[in-house]
Amino acid sequence: MDPRDHACLDGTLSPAVRFRALAAVAAYLRCPACAGGLRPGGARLACGRGHSFDVARHGYVNLTAGRAGPGTGDTAAMVAARGTFLGRGHYRPLAEALRALAVQHDPGAPGLVADLAAGTGHYLSGVLEALPHRHGVCLDLSVPALRRAARSHPRAAAVGADIWQPLPLAACSVTLALSIFGPRNAAETARVLRPGGSLIMATPGSAHLGELRQPLGLIGIDKQKLRRISGAYRDWAQSGLTSVNYQLSLDHADLAALVTMGPSARHISPESLVTRIRALPSPVTVTVDVQFRVFQRRERHARP
């Protein structure tokens, strides 16, 4: 297995290293209760008004402040399946394309790499390996995902946040934002992204996992997705489109992990999934079709 698939994902990061990563990004974080600055102290982050947030023993801090949006965090089973599938290198070409785009579009100015709905931190880890001068933050709603993200890279902090809500980040604190198959909040991304910064977004193409949709009952590709993205980011400058297309040969265990890690798992019972997978040959050829878009934040998006 290619060691790049395990870039700092072996779980050996010490609590001290995890806390240092969190302390390094604390200056960019904001209190979800009052929007004040946060400072690390002991095993918590606190603002000047006395709001404090404990750092979990796994190394992440939850800054959702009890606010719930329409999103649903990934379950422990989904997170474990994602770790298994990505760890086998099946999406390595996607991670490599993302790293190349990150290097190309990094403006060099101060700021974080923020992975929005980062999951396990897999993709952010690869980007940070390619940008050794950067620190990053994994933002996610799922506690199981945050536990893994906190040990994804020595320069990655894991922060509990709902992408649909105001992000616990200072205005203009991010130089590079990542949105990899996750929900998108254009207004909040514009607020936290500095002028000259870039948003790299990955969305499935029309052929993505096409061989599995009918036999496994996967959720289809939303035909209006690109229209909604164009509308939400109409005031942004789009600088490029990168398509990554290739085929995988997946056995039944791979198929189970692939389905379990994604949103289709919420609509298929484990028993039904096993039955449907058994009806397929092993291995089966599956198409990966993903599009990367790069958006630049314009000056007029700035917030006070």
Side-chain angles (χ1 to χ4, degrees), residues 1-32 37-47 51-64 73-89 92 95 98-99 102 110-161 168-169 173-176 178 180 261:
M1 184 175 295
D2 194 308
R4 290 171 296 178
D5 300 322
H6 286 290
C8 298
L9 281 171
D10 58 2
T12 60
L13 296 185
S14 70
V17 171
R18 299 178 201 180
F19 189 81
R20 280 200 297 269
L22 192 57
V25 308
Y28 300 101
L29 300 177
R30 290 297 178 263
C31 173
L38 291 172
R39 293 184 179 182
R44 63 183 58 193
L45 301 182
C47 72
H51 303 117
S52 65
F53 306 88
D54 292 336
V55 177
R57 63 184 180 87
H58 297 90
Y60 69 89
V61 62
N62 194 334
L63 298 183
T64 58
D74 289 346
T75 65
M78 295 171 72
V79 170
R82 184 172 294 113
T84 296
F85 188 83
L86 296 178
R88 291 174 180 169
R92 187 187 309 146
L98 177 60
R99 285 196 294 268
L112 295 173
V113 181
D115 196 344
L116 312 175
T120 63
H122 175 86
Y123 293 107
L124 176 63
S125 175
V127 168
L128 292 178
E129 283 296 293
L131 301 176
H133 59 294
R134 293 285 180 207
H135 279 81
V137 59
C138 300
L139 301 173
D140 205 277
L141 192 59
S142 165
V143 169
L146 291 170
R147 290 173 177 171
R148 289 197 176 219
R151 64 177 190 264
S152 63
H153 194 278
R155 286 181 277 113
V159 175
L169 291 169
S173 60
V174 174
T175 56
L176 193 62
L178 313 177
I180 312 302
M261 78 181 196

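Both backbone and side-chain heavy atoms feed into the values below; hydrogens, waters and symmetry mates do not. Note that the structure is a prediction, hence the values are computed from the model and not measured.
- Considering CG of Leu45 and CG of Leu22, their distance stands at 5.0 Å, rounded to 0.5 Å.
- The distance from atom NE2 of His153 to atom CG of Leu128, rounded to the nearest 0.5 Å, is 5.0 Å.
- Judged as a side chain to side chain donor-acceptor pair (under 3.5 Å), and not counting sequence neighbours, Arg147 has no contacts.
- The side-chain heavy atoms of Asp115 and Val127, taken from C-beta on, include no pair separated by under 4.5 Å.
- A donor-acceptor distance shorter than 3.5 angstrom exists from the side chain of Ser125 to the backbone of Ser152, with no hydrogens or angles considered.
- One finds the CZ atom of Arg30 at 7.5 Å from the CG atom of Leu38 (value rounded to the nearest 0.5 Å).
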Cut-off 3.5 Å, no hydrogens considered: what does the side-chain donor-acceptor table look like for residues 75-82, sequence neighbours left out?
from: Thr75; atom 1: OG1; to: Met78; atom 2: N; distance (Å): 3.2
from: Arg82; atom 1: NH1; to: Asp74; atom 2: OD2; distance (Å): 2.9
from: Arg82; atom 1: NH2; to: Asp74; atom 2: OD2; distance (Å): 3.2
from: Arg82; atom 1: NH2; to: Met261; atom 2: O; distance (Å): 2.5

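- Residues Phe53 and Cys47 fail the side-chain proximity criterion, which asks for heavy atoms closer than 4.5 Å.
- In this structure, CG in Leu98 is found 5.5 Å from CG in Leu178, a value given to the nearest 0.5 Å.
- The shortest non-hydrogen separation linking Gly136 to Leu124 is C-CD2, 4.1 Å.
- Considering all non-hydrogen atoms of both residues, Pro168 and Leu63 come closest at CB-CD1, 3.8 Å.
- Distance CG/Leu146 to CG/Asn62: 7.0 Å, rounded to 0.5 Å.
- Put simply, the side chain of Arg18 never gets that close to the backbone of Arg151: no donor and acceptor are under 3.5 Å apart.
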Where do Leu169 and Leu139 land on the side-chain contact (heavy atoms from CB on, under 4.5 Å) test, with the steps shown first? CA-CA 10 Å; Leu169 291 169; Leu139 301 173; 3.8 Å; yes
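- Not counting sequence neighbours, Tyr60 has no partner by the ring-ring contact (aromatic ring centres under 6.0 Å, His included) test.
- Applying the salt bridge (charged side-chain N to carboxylate O under 4.0 Å, His left out) test to pairs two or more places apart or on separate chains, those with a residue in residues 132-145 are Asp106-Arg134.
- The side-chain contact (heavy atoms from CB on, under 4.5 Å) search around Tyr28 returns Leu112, Ser173, not counting sequence neighbours.
- Take Arg44 and apply the salt bridge (charged side-chain N to carboxylate O under 4.0 Å, His left out) test, not counting sequence neighbours, and it matches Asp54.
- Taking each heavy atom of Gly59 and Ala150 in turn, the nearest pair found is C-CB, 3.9 Å.
- Residues Ala21 and Ala157 come closest through the heavy atom pair O-CB, 3.8 Å.
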